[in-house]
A.B. asks: 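Sending over a structure as structure tokens; questions will come in a sec.
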Amino acid sequence: MKNIITSLFVSIALPFVTFSRPVDAPVLRGSDTLIVSAYNLAVKTVFQNISSKGIINAGAEYGGEWTRDIAINTRNACNIICPEEAVRSLWAVTGKDNTRVGHQYWDKIIWVPAAYEQLLTVGNDSLLVKTYRCSANTMKELEESVFDSRYGLFNGGSVFNDGISAYEEPVYDPDNGSGGILDHPCNRHICCLSTNCIYAQAYNTLALMARRCGEQEAAQSYSHKAAMLRECIRARFWNPDKGTLSYLIDQYGDVHHFQEGLGYAFAVLCDILTPEESMTLTRNAHISRYGIPSVWPDMKRFSPEKPGRHNNIIWPHVNAFYGEAALKAGNREQFNFELRNMADLALNKSDGHFYEIYNTRTGLPDGGWQKGGNLNSSIDQTWCATGYISLIYRGLWGLKATENGLVVSPDKDLLETNGICSLEGLRYRGCTIDVSRAKSPFKKGIYVNGIKQDGSSVLISPDTSGHVAIVIY
């Protein structure tokens, strides 16, 4: 994935170890030790990967200079459990003047929806205009440099897949000795599913920010571009007769019909597919014994015995996004499988660590093959940990930051299935929230500070202060 960087990190663990930076994360309680222990491990992993400068590093062996890692980690968990570091980290990849998102070009647009979600969660409205300008400048730059008018799509590799092992010939050139996609010139002439889904989401996010900034004409333009891009994605990648999505269009215009795990997830989460299509997609997806593989099936230069680093192999952050997408699609069984599978991989297959990559056959850490041989699977990878936390927060407890406040929509059945009782000490702006599950012969539904609510969810307004007790009966 990246060049290995030895980084200094704060030695942090759970209560039995002294923290240099105190943990201020919600406490998860329940009878299922697998789920709760994996959550505690995930929290520990995040805090130990905060650098001495307050930047959220990508992992114990990586620094914090990757836009995609920081965007994913802030979105998944860090806006809630370490908001100061989340804000600092997200803006650290925008350069000295904070007017454009930096680093590797093809998927850096993921910063845009991540930054807006951070505003909604943390509540620093003074950053709205600055965030909008940075996002708009970055989108304009990318429209001018990597928009492909032939297909109405954006060029570049698939999200996070910076290794050439994620690509089949002719994208992969056997005579090119580099393992990085950027060193293969065709990278600016291919179009990938996951990346274009993120661009569509970024356009929709820009429309929301433009409206809030009073730029109605710009908002309409961004909404139109989002709709056009969505239709182009559907036209180029969706296979209605099979209920599947294709992976990429290569430099010669040929479509590669691989299954891209993150592309499947983002097609659902970014509303590229309809609800019915999303359910069909999750039912038709190929799932290995240890979760959805990054790209499937094996490319011709790889095999089950010699898996490609970005090919038929497990990247847990992909599994987390796919689990979330499966739940949105209504495939609760697949969500629960990915939730429990991620916990099992970390606790039982790798001695209590969230590794970067796992083998689809053995479930053991395995860096896979790429140019240069069988590579390392790095230990204590942050986005694996935050991905798991996101399945807890977004999946089980239904947390969603909106312009009107924080929505709490607990999934009572999934909570009960996984033996989860409560989430305590959740901080949202000026309030602290405890949400729990209880039984009563006289009560049914959801209560806030003892008062029964209509429906099955609660909206915590941004100006709420003090303690909020939510109980689901």
Side-chain angles (χ1 to χ4, degrees), residues 28-39 42 75-77 197 243-245 259 261-293 296 314-347 384 386-402 407-423 435-439 444-446 455-458 470-473:
L28 185 72
R29 301 190 189 280
S31 59
D32 192 320
T33 56
L34 177 73
I35 300 299
V36 175
S37 296
Y39 172 81
R75 180 260 190 201
N76 279 350
C197 291
T244 62
L245 286 160
Q259 171 185 292
L262 204 54
Y264 271 40
F266 287 169
V268 175
L269 295 174
C270 301
D271 296 316
I272 305 301
L273 300 182
T274 67
E276 295 78 13
E277 291 167 344
S278 296
M279 174 56 89
T280 299
L281 185 78
T282 63
R283 285 177 174 164
N284 291 339
H286 169 81
I287 309 296
S288 80
R289 180 180 177 183
Y290 296 103
I292 192 167
W296 178 86
I314 298 296
W315 288 75
H317 74 288
V318 173
N319 300 78
F321 275 117
Y322 182 71
E324 183 183 336
L327 186 59
K328 179 177 178 177
N331 193 334
R332 300 158 65 83
E333 182 180 354
Q334 189 60 46
F335 166 85
N336 215 47
F337 169 76
E338 295 290 3
L339 171 72
R340 302 190 68 82
N341 171 67
M342 284 188 69
D344 180 63
L345 288 176
L347 294 175
C384 301
T386 61
Y388 182 77
I389 295 171
S390 181
L391 291 180
I392 299 294
Y393 289 172
R394 295 170 184 266
L396 297 183
W397 294 106
L399 303 185
K400 182 179 180 181
T402 72
V407 175
V408 184
S409 183
D411 192 307
K412 185 177 178 181
D413 291 337
L414 284 174
L415 288 168
E416 186 171 356
T417 297
N418 291 288
I420 302 303
C421 301
S422 65
L423 185 68
V435 54
S436 60
R437 183 169 59 89
K439 291 184 178 181
K444 206 166 195 178
I446 191 164
S456 58
S457 64
V458 173
I470 302 173
V471 183
I472 312 104
Y473 292 96

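Just so you know, these numbers use all the heavy atoms, side chains as well, and skip hydrogens, waters and symmetry mates. All residue numbers in this chain count up from 1 along the given sequence.
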A.B. asks: Going by the ring-ring contact (aromatic ring centres under 6.0 Å, His included) test, which pairs reach into residues 318-341, not counting sequence neighbours?
C.D. replies: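 Residue pairs passing ring-ring contact (aromatic ring centres under 6.0 Å, His included), neighbours aside: F266-F321.
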A.B. asks: Begin from the C-alpha positions of L28 and W397 and carry the test side chain to side chain contact (heavy atoms under 4.5 Å, CB included) through to its verdict.
C.D. replies: CA-CA 11 Å; L28 185 72; W397 294 106; 3.6 Å; yes
A.B. asks: Sort and list the pairs that fulfil salt bridge (charged side-chain N to carboxylate O under 4.0 Å, His left out) and have at least one residue in residues 267-290, not counting sequence neighbours.
C.D. replies: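 Those involving residues 267-290 are R234-E277, D271-K328.
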A.B. asks: Using every non-hydrogen atom in the two residues, find where L269 and A325 come nearest and quote the distance to one decimal.
C.D. replies: CD2-CA, 3.8 Å
A.B. asks: Residues two or more places apart in sequence or in another chain: which of them pass side chain to side chain contact (heavy atoms under 4.5 Å, CB included) with T417?
C.D. replies: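 Expected list: N336.
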A.B. asks: Please round to the nearest 0.5 Å and tell me the distance separating atom CD1 of I314 and atom CE of M342.
C.D. replies: 10.0 Å
A.B. asks: Report yes if some heavy atom in the side chain of Y39 is under 4.5 Å from a heavy atom in the side chain of I420; otherwise report no.
C.D. replies: no
A.B. asks: Rounded at 0.5 Å granularity, tell me how far CD1 in I446 sits from OG in S409.
C.D. replies: 7.0 Å
A.B. asks: Once you round to the nearest 0.5 Å, how far does CD1 of I470 lie from OG of S422?
C.D. replies: 12.5 Å
A.B. asks: Could you state the interatomic distance from CG (D32) to CZ (R340), rounded to the nearest 0.5 Å?
C.D. replies: 4.5 Å
A.B. asks: Compare all side-chain heavy atoms of Y264 with those of T244 and state whether any distance is below 4.5 angstrom.
C.D. replies: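 Y264 reaches T244 side chain to side chain.
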A.B. asks: Please find the pair of heavy atoms, one from C197 and one from G263, that lie closest to each other, and give the distance.
C.D. replies: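 Heavy atoms only, the tightest pair is SG-O, 4.4 Å.
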A.B. asks: Please report the interatomic distance CG(D411) to OG(S456), rounded to the nearest 0.5 Å.
C.D. replies: 9.5 Å
A.B. asks: Taking the side chain as everything from C-beta on, heavy atoms only, tell me whether L423 gets closer than 4.5 Å to Y393.
C.D. replies: yes
A.B. asks: To the closest 0.5 Å, what do you measure between CG (L34) and CG (D344)?
C.D. replies: 6.5 Å
A.B. asks: Is there a side-chain contact between L327 and L391 (heavy atoms, below 4.5 Å)?
C.D. replies: no
A.B. asks: For N76 and I389, what are the C-alpha separation, side-chain angles and deciding distance, and is it a side chain to side chain contact (heavy atoms under 4.5 Å, CB included)?
C.D. replies: CA-CA 7 Å; N76 279 350; I389 295 171; over 6 Å; no
A.B. asks: Might you point out which heavy atoms bring A267 and L245 nearest each other, and give the distance in Å?
C.D. replies: CB-CD1, 3.5 Å
A.B. asks: Closest heavy-atom contact between L273 and S278?
C.D. replies: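 Smallest heavy-atom distance, with atoms named: CB-OG, 3.6 Å.
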A.B. asks: Within the 4.5 Å heavy-atom criterion, are Q259 and I292 side-chain neighbours or not?
C.D. replies: yes
A.B. asks: For G30 versus V36, what's the shortest heavy-atom pair and its separation?
C.D. replies: N-CG2, 3.8 Å
A.B. asks: Would you mind reporting whether D413 and R332 have side-chain heavy atoms less than 4.5 Å apart?
C.D. replies: yes
A.B. asks: Side-chain contact, heavy-atom cut-off 4.5 Å: V407 with L399?
C.D. replies: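 No; the side chains remain at least 4.5 Å from each other.
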A.B. asks: On a heavy-atom basis, which atom in T280 and which in G243 lie closest, and how many Å separate them?
C.D. replies: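 That would be CG2-CA, 3.9 Å.
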A.B. asks: Can you tell if the side chain of L339 reaches within under 4.5 Å of the side chain of L396, non-hydrogen atoms only?
C.D. replies: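 With C-beta onward as the side chain, the pair touches.
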A.B. asks: Are the side chain of N319 and the backbone N or O of E338 linked by a donor-acceptor pair below 3.5 Å?
C.D. replies: no
